[in-house]
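One structure is given below, encoded as structure tokens.
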Amino acid sequence: MDLALLRTFVTVHRAGSFTRAAALLGLSQPTVTSQIRTLERQIGRPLFLRQARGVTPTTIGDELAHKAAPHLDALVEIAESGLEEDSSLRTLHLAGPPEFTAERALPALTEPAGEDGQGFALRASFGTADEVLEGLSAGHHDLAISTVRPRGALLSATALCDEEHVLVAAPHWAERIGTGTLRRTGPAALERVPVVEVHESLPLVARYWTSVFDSRPVRPGTVIVPDLRAVLACATAGAGLAVLPRYLCADALERGEVVALHHPTVPPLRTYFLAVRTGTLAMPHIARAHEWLERAAADWC
């Protein structure tokens with residue numbers, strides 16, 4: 001069986017689309033379609049069901065991908081390591097959300113290095129949950145940190161840790177609202193407070209309101225910045241209220257730069273997952289990084 005056909009097949013399986021697979025492979029869509037049809041003729045069974053948007057693998061397609069993908073990934077690893085001057089030093093490609101990756105994951109992967117280094121070169125990239133999982137599936141990353149558990153047999157995930165979300169604002173907003181008022185009236189006491197968030201859809205604030213107050217926030221975002229560290233800086237400066245992970249705002253809370261506006265009995269939690277392509281934990285540098293992150297996460301919860 002032609003390895004080029006298998007590589008195209010696995011890319012389509014991971015991408016869920018002939019168009020996206022063609023872009024990832026640097027091929028034309030007709031070429032990808034032709035290669036998949038050739039493979040289907042060789043096997044004698046359909047591998048994908050064509051849908052209005054993309055493709056869905058058949059049972060045979062899932063089985064073939066589950067068997068072939070780890071071996072193809074291993075071959076790619078061998079080819080890439082052969083291009084390095086020092087073949088003993090592998091490159092680990094890590095992807096995840098910018099704040100958590102920078103504040104948690106990267107220190108966990110660099111602190112154990114010691115005098116001899118950590119045994120692998122490290123490259124990090126940031127993105128949304130969908131972006132990092134798509135990149136992992138396409139082979140661009142070795143490990144992905146995501147708040148979404150991946151589906152399907154080609155990616156496996158381990159629950160890494162839970163983060164607690166805290167409703168915070170600068171002290172003068174807390175004084176203006178009054179904790180007693182918030183306890184009596186609930187979120188109505190916050191309706192006139194500006195909101196600082198990472199996106200216009202207010203993902204963290206809306207999730208907090210739904211979980212804690214059983215309602216939806218009524219104000220649009222006043223300040224939108226796509227990084228939680230910037231959200232914290234704006235909240236500290238008095239721009240308005242924000243919902244932040246406790247690990248990120250713990251020091252600011254201790255220093256009194258922001259205060260918690262509410263203390264729910266059961267605070268909202270969000271789970272982070274550590275995802276890999278199935279079979280790649282057989283590679284020592286990926287297994288080592290995976291182990292270090294799991295070990296460090298025991299202190300993050």
Side-chain angles (χ1 to χ4, degrees), residues 96-105 126-132 145-149 159-273 297 300-301:
E99 309 86 0
F100 188 88
T101 303
E103 300 290 329
R104 294 296 206 192
F126 302 142
T128 65
D130 289 340
E131 289 169 346
V132 300
I145 298 171
S146 170
T147 54
V148 176
R149 182 187 287 275
L160 198 57
C161 66
D162 293 327
E163 66 175 16
E164 176 189 346
H165 284 181
V166 188
L167 177 62
V168 302
H172 75 270
W173 282 114
E175 294 171 2
R176 184 179 302 184
I177 297 165
T179 56
T181 302
L182 182 58
R183 281 196 299 267
R184 290 193 306 272
T185 65
L190 305 173
E191 289 181 0
R192 296 185 179 181
V193 183
V195 174
V196 187
E197 254 282 16
V198 294
H199 190 270
E200 296 286 356
S201 63
L202 309 184
L204 300 182
V205 170
R207 190 172 183 273
Y208 190 98
W209 255 241
T210 300
S211 175
V212 175
F213 301 128
D214 194 25
S215 65
R216 300 287 294 177
V218 297
R219 285 188 60 82
T222 302
V223 179
I224 304 296
V225 285
D227 189 301
L228 288 175
R229 291 164 294 191
V231 170
L232 174 60
C234 292
T236 300
L241 65 82
V243 173
L244 293 167
R246 183 172 290 278
Y247 80 85
L248 195 63
C249 63
D251 290 342
L253 286 168
E254 185 175 350
R255 292 191 296 264
E257 297 170 349
V258 294
V259 296
L261 299 178
H262 191 50
H263 300 277
T265 304
V266 181
L269 300 176
R270 181 168 65 172
T271 301
Y272 283 97
F273 298 95
W300 299 340
C301 300

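Quick caveat, the model's predicted, so the values are computed rather than measured.
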At their closest point, which heavy atom of [X] faces which heavy atom of [Y], and how far apart are they?
{"X": "P245", "Y": "H165", "value": "CA-CD2, 4.0 Å"}
{"X": "A159", "Y": "T271", "value": "CB-CG2, 4.3 Å"}
{"X": "E131", "Y": "T128", "value": "OE1-N, 2.9 Å"}
{"X": "P187", "Y": "W209", "value": "CB-NE1, 3.5 Å"}
{"X": "F273", "Y": "V148", "value": "CD1-C, 3.8 Å"}
{"X": "W173", "Y": "A239", "value": "NE1-C, 4.4 Å"}

Euclidean distance, [Y] [atom2] relative to [X] [atom1], rounded to 0.5 Å:
{"X": "E103", "Y": "T101", "atom1": "CD", "atom2": "OG1", "result": "10.0 Å"}
{"X": "L202", "Y": "R216", "atom1": "CG", "atom2": "CZ", "result": "8.5 Å"}
{"X": "L261", "Y": "L190", "atom1": "CG", "atom2": "CG", "result": "6.5 Å"}
{"X": "L160", "Y": "D162", "atom1": "CG", "atom2": "CG", "result": "9.5 Å"}

Quick one, [X] and [Y] - any side-chain contact, counting heavy atoms below 4.5 Å?
{"X": "V166", "Y": "P267", "answer": "no"}
{"X": "V195", "Y": "L241", "answer": "yes"}
{"X": "V223", "Y": "P194", "answer": "no"}
{"X": "L204", "Y": "L228", "answer": "yes"}
{"X": "P264", "Y": "Y208", "answer": "yes"}
{"X": "V168", "Y": "V259", "answer": "no"}
{"X": "R246", "Y": "L253", "answer": "yes"}

Item to check | R104 (side chain) donor-acceptor with E99 (main chain) under 3.5 angstrom | outcome: no
Item to check | Side-chain (E197) to main-chain (V205) donor-acceptor, under 3.5 angstrom | outcome: yes
Checklist entry - Who are the side-chain hydrogen bond (donor to acceptor under 3.5 Å, both in side chains) partners of Y272, not counting sequence neighbours? => result E163, R270
Item to check | side chain to side chain contact (heavy atoms under 4.5 Å, CB included) between C161 and Y247, intermediate numbers included | outcome: CA-CA 12 Å; C161 66; Y247 80 85; over 6 Å; no
Item to check | Exceeds 12 heavy-atom contacts within 6.0 angstrom, atom CZ of R192 | outcome: no
